[in-house]
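So the structure is just underneath, and the comments pick up after that.
Protein chains get the first letters and strands the later ones, always in sequence-line order, with residue 1 at the start of each. Values below: all heavy atoms of this structure, side chains included; hydrogens, waters and symmetry mates excluded.
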Number of protein chains: 2
Amino acid sequence: MRVSDLKEAAAGKEKPLKYVLLAGIYNEPRSGYELTKWLQMVGQHCWSVEHSSVYPALRELEKDELIQSERLPGTRGPDRSIYSMTAAGLDKLRAWVANGSPRPAIKDEQILRVLCFDLLPRETALQQIREVRADHQVQLEFFLARQAMLTERQLGPLLVARRGVLAEQAYIAWCDEVADMIARRPA
Amino acid sequence: MRVSDLKEAAAGKEKPLKYVLLAGIYNEPRSGYELTKWLQMVGQHCWSVEHSSVYPALRELEKDELIQSERLPGTRGPDRSIYSMTAAGLDKLRAWVANGSPRPAIKDEQILRVLCFDLLPRETALQQIREVRADHQVQLEFFLARQAMLTERQLGPLLVARRGVLAEQAYIAWCDEVADMIARRPA
DNA sequence: CTCGCCATGTAACTCGTTACATGATTTC
DNA sequence: GAAATCATGTAACGAGTTACATGGCGAG
C-alpha cells in the first residue's frame, strides 16, 4: 500500500474523476458506456475521458459503496450495468460540491498557433481560422439544441449546456477578431 | 528504443509541449524559468506546465538543434540559459502552425459542481459562484491590462491576450446567469 | 538573518490515453 | 455478411505533476 492510499483513506479523498462520475450519475443513473458518451458530448467542455478510465473507476466507487449497480438487458445490444447513487455517495458528492474548485485547466494549441500566425501567408492563416470557427459553430449548435430541450426543472443540466453555448460563442467571436486582424494586417 | 521513437524520428513528430515551447521563444528568446512563468501567467488559458517538464524538453529541443542556448548573467539572481530559435526550429514551428489543432481539452470541475447545485442550500451555492466570479474577474483584469500594453505591431501576443479577455468575460457572464437562476429557483 | 524569488535539475509517482481484446446486436 | 454501434474489459505506455534537491541574491 502506498502513502497516498493512506492519506486518501484518512481524509476520505477521492480523485477528481470519481467525483465527475458521481456528478454524472447524480441526475440520472447511467452505465459506464453512457457516462463515457455523456462526458464526450454533453460534458466535453468540462471533462472528457476514454472508457478505459471509466470502468475501473466505477468498480472502485462501487467497492466503496458510493454507488450501486443493477444489471439490465440492453435495449439494442448486450446487457449493461446501470449505476446509481447510494446515500453515502450522495453525502460524498454533496461535500465535494460545497468545496472550491481549482482553476479550469485548458490545453488549446490553436491559441499558440495564432501567436505565430505571422509565420504563415495571410490566406493560409485565414483558411485555418475559418475551419476552427466552423468547428466551434458545430459545437455551438449542439449546445443550443441541448439548451432548447431543457427547462428550468433540470436547472443543473440547463446551466451546463448554457456554459457550452457561452463558451462557444466567445470562441467564435475570437475567431472573427483574429480573421479581421489578419485580413487587415500588412501582407 | 521504443516503437514510438522510430515513428517520431521518421515523421519528424514532436510532442505538443515542444511546439508550445518553440512558440514561446519565437516572439522573444526566453529561459526555462521565463517560459514556465510565461505559460503560467500569459498562457494559462492555452497551456500550463510545471518547470520540471520544461527543462528536459528544452534540452531535447537543443539536442535536436531546433533551439540554441546562450548563458547570460542573471539580472537579479543566478545565471540563466536563454534559448532562441534556430533556422531548423523556425521551419519546424512553421510546419506545426500550418497544421490543424485537436479540440481544446478542458478540465473544469466547477461546471460539474453547478450541475449538482441543488444539493446545496441556496446561500451556499450563491456564495460559491460569487467567489468563482471574483476569481475570473481578477483574471479578466490581468488580460485587459496585457491587452492595453500591446499594439497591432505584436499581433500574435495581442490576439492571445484578446482570447483571455473574451474567455474570462464569457465565464463571468455564465457565473451571473448561474447566480440569477439559483436566486430565482424555488428554495 | 530569514524569507522569498530567481534558476535549474532529478526521481517517483499518478493519471489517463492508446492499443489490444471480446462479443452481441442492428442496419445496410 | 459487412460495418457500425453497444458494451465492457486489460496492459503498456506516455506526459506531466509532486516532491526532493541545490544554491545565489535581494529585501526587510
Side-chain angles (χ1 to χ4, degrees), chain A residues 1-8 13-21 29-41 43-44 47-62 69-83 102-103 105-107 109, chain B residues 1-8 13-21 29-41 43-44 46-63 69-83 102-103 105-107 109:
Chain A
M1 185 183 265
R2 291 155 302 146
V3 182
S4 60
D5 283 341
L6 291 169
K7 271 193 214 151
E8 273 173 31
K13 277 249 173 184
E14 309 286 352
K15 10 193 110 153
L17 174 59
K18 299 225 196 154
Y19 290 107
V20 171
L21 295 176
R30 287 187 164 106
S31 69
Y33 186 84
E34 286 167 334
L35 278 166
T36 307
K37 292 294 163 192
W38 172 72
L39 283 172
Q40 287 171 357
M41 293 290 288
Q44 11 119 3
W47 203 282
S48 206
V49 270
E50 299 301 317
H51 73 267
S52 54
S53 325
V54 171
Y55 292 114
L58 285 172
R59 253 174 288 129
E60 281 178 56
L61 284 168
E62 189 172 27
S69 66
E70 193 189 357
R71 196 79 189 164
L72 288 183
T75 41
R76 52 187 178 293
D79 293 0
R80 58 250 145 85
S81 296
I82 304 292
Y83 292 92
R103 296 259 181 80
I106 303 162
K107 297 271 152 112
E109 296 179 31
Chain B
M1 186 181 263
R2 291 155 301 148
V3 181
S4 59
D5 283 341
L6 291 169
K7 270 192 214 153
E8 272 174 32
K13 277 249 176 188
E14 310 286 352
K15 16 194 106 152
L17 173 59
K18 299 227 196 151
Y19 290 107
V20 170
L21 295 176
R30 287 188 165 105
S31 69
Y33 186 84
E34 286 166 335
L35 277 166
T36 307
K37 292 294 163 192
W38 172 72
L39 283 172
Q40 287 171 356
M41 293 289 288
Q44 12 118 4
C46 350
W47 203 283
S48 206
V49 272
E50 298 302 317
H51 72 268
S52 54
S53 323
V54 171
Y55 293 114
L58 285 172
R59 254 174 287 132
E60 281 178 55
L61 285 169
E62 189 172 27
K63 195 193 64 197
S69 66
E70 192 189 357
R71 196 79 188 165
L72 287 184
T75 41
R76 53 187 177 291
D79 293 2
R80 58 250 147 83
S81 296
I82 304 293
Y83 291 92
R103 295 259 181 80
I106 302 162
K107 299 271 152 110
E109 296 179 30

Could you check whether Ser48(B) gets within reach of a base, just the sugar-phosphate, or nothing at all, counting any heavy atom under 4.0 Å? sugar-phosphate
Side chain of Trp47(A) only, heavy atoms from C-beta on: which candidate in dC15(C), dG16(C), dG9(C) is closest? dG16(C)
Integer-rounded Å distance: dC5(C) P and Arg80(B) CZ: 18 Å
Side chain of Lys37(A): nearest nucleotide among dG16(C), dT8(D), dC6(D)? dC6(D)
The side chain of Val49(A) is closest to which nucleotide in this list: dT8(C), dT17(C), dC15(C)? dT17(C)
Can you list the steps and then say if Leu21(A) with Leu39(A) is a side-chain contact (heavy atoms from CB on, under 4.5 Å)? CA-CA 9 Å; Leu21(A) 295 176; Leu39(A) 283 172; 4.3 Å; yes
Distance test, side-chain N/O of Arg59(A) to OP1/OP2 of dT10(D), below 4.0 Å: yes
Take the protein atom CG of Leu72(A) and the nucleotide atom P of dT8(D), then report the distance between them rounded to whole Å. 11 Å
Nearest whole Å is fine: how far is dC6(C) P from Arg71(B) CZ? 16 Å
By nearest-heavy-atom nucleotide on DNA chain C, the more 5' of Pro16(A) and Tyr83(B) is Tyr83(B)
Nucleotide dT22(D), atom P - distance to CG of Asp79(B) in whole Å: 20 Å
Is there side-chain contact between Trp38(B) and Arg30(B), with at least one heavy-atom pair below 4.5 Å? yes
Separation of dG16(C) C1' from Glu60(A) CD (nearest whole Å): 13 Å
Taking OP1 and OP2 of dT14(C), is either one under 4.0 Å from a side-chain nitrogen or oxygen of Lys15(A)? no
Take atom OH of Tyr33(B) and atom P of dG4(C), then tell me their distance rounded to the nearest Å. 14 Å
Side-chain heavy-atom pair Val54(A), Tyr33(A) within 4.5 angstrom cut-off: no
dA7(C) phosphate, OP1 or OP2: any side-chain N/O from Arg30(B) under 4.0 angstrom? no
Are Arg80(B) and Glu34(B) close enough that some pair of their side-chain heavy atoms sits under 4.5 Å apart? yes
Distance in angstrom units between Leu21(A) CG and dG16(C) P, rounded: 9 Å
Ser31(B) or Glu50(A): which one's nearest nucleotide on DNA chain C is closer to the 5' end? Ser31(B)
Classify the side chain of Ser52(A) versus the base of dT8(D) as yes if they form a donor-acceptor pair under 3.5 Å and no if they do not. no
Atom CD of Glu14(B) and atom P of dG14(D): how far apart are they, to the nearest Å? 15 Å
To the side chain of Lys107(B), which of dG16(D), dG16(C), dT10(C) is closest? dG16(C)
It should be established whether Tyr55(A) places a side-chain nitrogen or oxygen under 4.0 Å from OP1 or OP2 of nucleotide dG9(D). no
Between Lys37(B) and His51(B), does the side-chain contact (heavy atoms from CB on, under 4.5 Å) criterion hold? Intermediate values first, please. CA-CA 9 Å; Lys37(B) 292 294 163 192; His51(B) 72 268; over 6 Å; no
